[in-house]
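Structure record follows, encoded as structure tokens.
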Number of protein chains: 2
Amino acid sequence: MSTPTSASERFAYERLAADIGALIQTGTLRPGDRVPSVRRMSTSRGVSIPTVLQAYRLLEARRLIGARPQSGFYVLTPEARAGLARHAPTVALPEPGAITTGDLIMRVLEMVANPALVPLGTALPAEELLPTRALARALRGATRPPLGGTSTLVTPSGAESLRREIAKRSLDAGDAVTPDDIVVTCGCAEALSLCLRALTSPGDTVAVEAPAYFGTLQAIEVLGLRALEIPVDPETGISIEALEEALGRTKIAALVVTPNVHNPLGCVMPDDRKRELVALLAAHGVPAIEDDTYGELAFGDVRPRTLRAFDSAGLVLTCGSFSKTLAPDYRVGWVIPGAYRDRVLHLKLATTAATAVPPQLAIAAYLASGGYEQHLRRLRRALRGTLDRFSFEIGERFPEGTRISRPAGGFLLWVQLPDGIDTVALQRHAVSRGLSVAPGPAFSASGAFPNYLRINAGHPWSARTEEALDLLAAMIAGKSRRRALTRG
Amino acid sequence: MSTPTSASERFAYERLAADIGALIQTGTLRPGDRVPSVRRMSTSRGVSIPTVLQAYRLLEARRLIGARPQSGFYVLTPEARAGLARHAPTVALPEPGAITTGDLIMRVLEMVANPALVPLGTALPAEELLPTRALARALRGATRPPLGGTSTLVTPSGAESLRREIAKRSLDAGDAVTPDDIVVTCGCAEALSLCLRALTSPGDTVAVEAPAYFGTLQAIEVLGLRALEIPVDPETGISIEALEEALGRTKIAALVVTPNVHNPLGCVMPDDRKRELVALLAAHGVPAIEDDTYGELAFGDVRPRTLRAFDSAGLVLTCGSFSKTLAPDYRVGWVIPGAYRDRVLHLKLATTAATAVPPQLAIAAYLASGGYEQHLRRLRRALRGTLDRFSFEIGERFPEGTRISRPAGGFLLWVQLPDGIDTVALQRHAVSRGLSVAPGPAFSASGAFPNYLRINAGHPWSARTEEALDLLAAMIAGKSRRRALTRG
């Protein structure tokens, strides 16, 4: 963990932030001035780099300073304070179309599964941040045969003990459900796939986010569906205005949306936007599949509410997972399918029949033991630290003009490289050097985001991550130079 | 286990069979004569009922005697010895059609998942016959984190250690495959579903067996496919002649077939029929999905070869499972997709992404430990005993005119009741009395087999199974009487 924990450093970052804040407010540091570098401040104050970063992040959150890649932190101008640089907005496709990026996505997914590669391209936090031992204990406990035999536990909706725990946790997300409202699935992937099948027929159009999680795009592709891209604002989530316009001119069978901790952007939709979105969907009678995979990893003081929490019509189907917070290898996810429960259960039976029982029992026992909340608090704090560190290190290494997302949760960074850099070519090159990265076009049904990368920042800073980022930066610099030469 | 194991009974059944065989060969017992009843023989010889049944089964296998329901065993006539009574052949549907039994199948599947019911309707052997403790030990072993972390094991094709063991076992089935040819799935259900999706598009026609496993029919239904029923001979499997005729007049996208230990018939296709079937499919370029779920449970001296063993074109996709032989609750199956490997892997990624890892590692460790062959030998012997016992007890209780299948493996009985008995009504009645049975029409795309039941005989005889069978027989007798009254 890069979060300061020693007694002397515990409040060091707050003192440091207060000191620099005072320098700005008194005009000692003026708009546009460079703030002392992180390394210099670390040396002069005798505190760790993570401590300085945490201080600077606090000042960033207060909109006093901002980062410029390869240059460091600067005091914000009044204009910049009014609205921080955003990603260029994505343009919605004029018409729905078949997904053209299937092969690319497949290549990305295969690469992600390659254990030889440094995992900058995956979307899993470092294993050392997960409660691997406690879960292994729970799994050992789950091998004791229950009364009535284990085969009585092989039911399509999943183990009752696990559904009870999921129902309890849903309360925190503003949703009141019973265990019977929940279907346990083979990871969130199956949940998304079942929902798509429950709501659509081949040839139908599904509204998707741009950018969107490539697994969702692939599920849409293999079901023979068409995708209509709706832009996502990096701070407030999917554009309700663009969706409304699309609903007016196209028949849309369903929307797939990630209101909490978007993948890859990391943003959380404000509650009023969620309310507005649900109202729009209800007005058009269009159901939404809510991907809440990262909902538990939002950094705010309270867990953000799900879209379902605002839905009274049963039109929102919420999908979740324990893969990002507990055990990627257990493949346990779930869906709360609202009004579509019977149809989803029917499809589950006809597709995988039931979810593996021992991993369900282990997670249920772990959750019931009460350590999950504390683990989540620690995990979020650690991920906030690793995100800060990766943002900083990327800023130090990547070319001028690079923009980095500022996630409100999770551990993924969405990085916009200067125009003209082809991240698909970069990915091929990176794979040949043992590095995995996820290129921007894999996050779009139409191959948009050619100069974007998603980078997994869920790993504590180490010699290995440093080496990987150095290598990636060198490749990008090479491509930048070649591009400049070609143009010149 | 109902197989005799005490020292004094070990060879008692062989001595008994030899004694009665001598009586028949010397003409002391003549064609049509009743053989002494099982109960009487048990008392007079001082051996257990299973021992007598095993002796009578041996004589049955030698075609010296045959059973008549509610009447006992008789010395076969020369005509009867030439060919034992078969089920009425099923008529193929004239045209392919949508599956009309979806709701019924759903009801059957839901009932199967209800642990309150005596499981005459499920297709799982009694838990006491499975190596539950050895697997629990293996699962505990699988909780030790591997080198490189568990997340490296989350791959779409499955754990390498498990695929290696499956590849080794495939050799016994006459198939030479490498671990890379195998994709591990969330039970055989996912394997079947992935194969169907790899080979078809909605609206296509799939040739299915009649009768067929209802899970397959349901998978076909939810994918929007049409089914064309091909009759299955209770001794030699699917009718190649009927399939050839169907191929001549209808465009068929794929065949789903169960050559080894058919569900519900229990038959094993002879090798020459398998060879003939593969040649026919190759001539028409039609791929086949082979359901080999019960292949390891065939009673013969050698494990029957898979259809794939005769296939050189990669047109056969073979699906298997550990649910019937090791652990129903682990949900681990696999597919060897031949020429369709990339497509199946792509679909797997887009559907469940990967299979839960700990159950895979546990099964791989159990298989590598070398106890599986011995377990299978014991399990087959036990199931042969429970099948004998259930056949006998059904014969004692069910009305005249009842015919019972003689399975070549597994633990399922396909029971033909007298004409006019509606097993769908019977099932509804049985469920209300806490009994699960699987009605014939659930095994047909078109609702055929109205007077058939599939009965799970994979449970050692006990007070509970006896009570269940008594209750079922009483219900059937009631329906028979009502039918007679209505007609009279």
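Since this is a predicted model, take the numbers as computed values, not measurements. To find a chain, count down the sequence lines: A is the first, B the second, and so on, and within it residues start at 1.
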| side-chain hydrogen bond (donor to acceptor under 3.5 Å, both in side chains) with B:S321: which residues, sequence neighbours excluded? |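 Residues passing side-chain hydrogen bond (donor to acceptor under 3.5 Å, both in side chains) with B:S321: B:S323.
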| said: Only pairs of heavy atoms separated by less than 4.5 Å count here; which of A:C188, A:A362, A:P358, A:P359 has the most with chain B? | reply: A:P358
| query | Atom CG in A:D329, atom CG in B:L361: separation rounded to 0.5 Å? | reply | 8.0 Å
| query | Given a strict heavy-atom distance threshold of 4.5 Å, which part of A:T355 is in contact with chain B: side chain, backbone, both, or neither? | reply |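 The backbone, not the side chain.
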| Top residue by heavy-atom pair count (under 4.5 Å) with chain A, among B:R140, B:Q360, B:R133, B:R137? |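 Between B:R140, B:Q360, B:R133, B:R137, the count favours B:R140.
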| task | For residues B:A354 and A:R331, report the shortest heavy-atom separation together with the two atoms involved. | result | O-NE, 3.2 Å
| note | Heavy atoms of A:A219 and B:A350 approach each other most closely as CB-O, 3.7 Å
| task | Could you tell me which residues in residues 191-205 of chain A have at least one non-hydrogen atom under 4.5 Å from a non-hydrogen atom of chain B, sorted by residue number? | result |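 Heavy-atom contacts from residues 191-205 of chain A to chain B are A:S193, A:R197, A:P202.
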| task | Decide yes or no for A:H346 and B:E221: does some side-chain heavy atom of the first lie under 4.5 Å from some side-chain heavy atom of the second? | result | yes
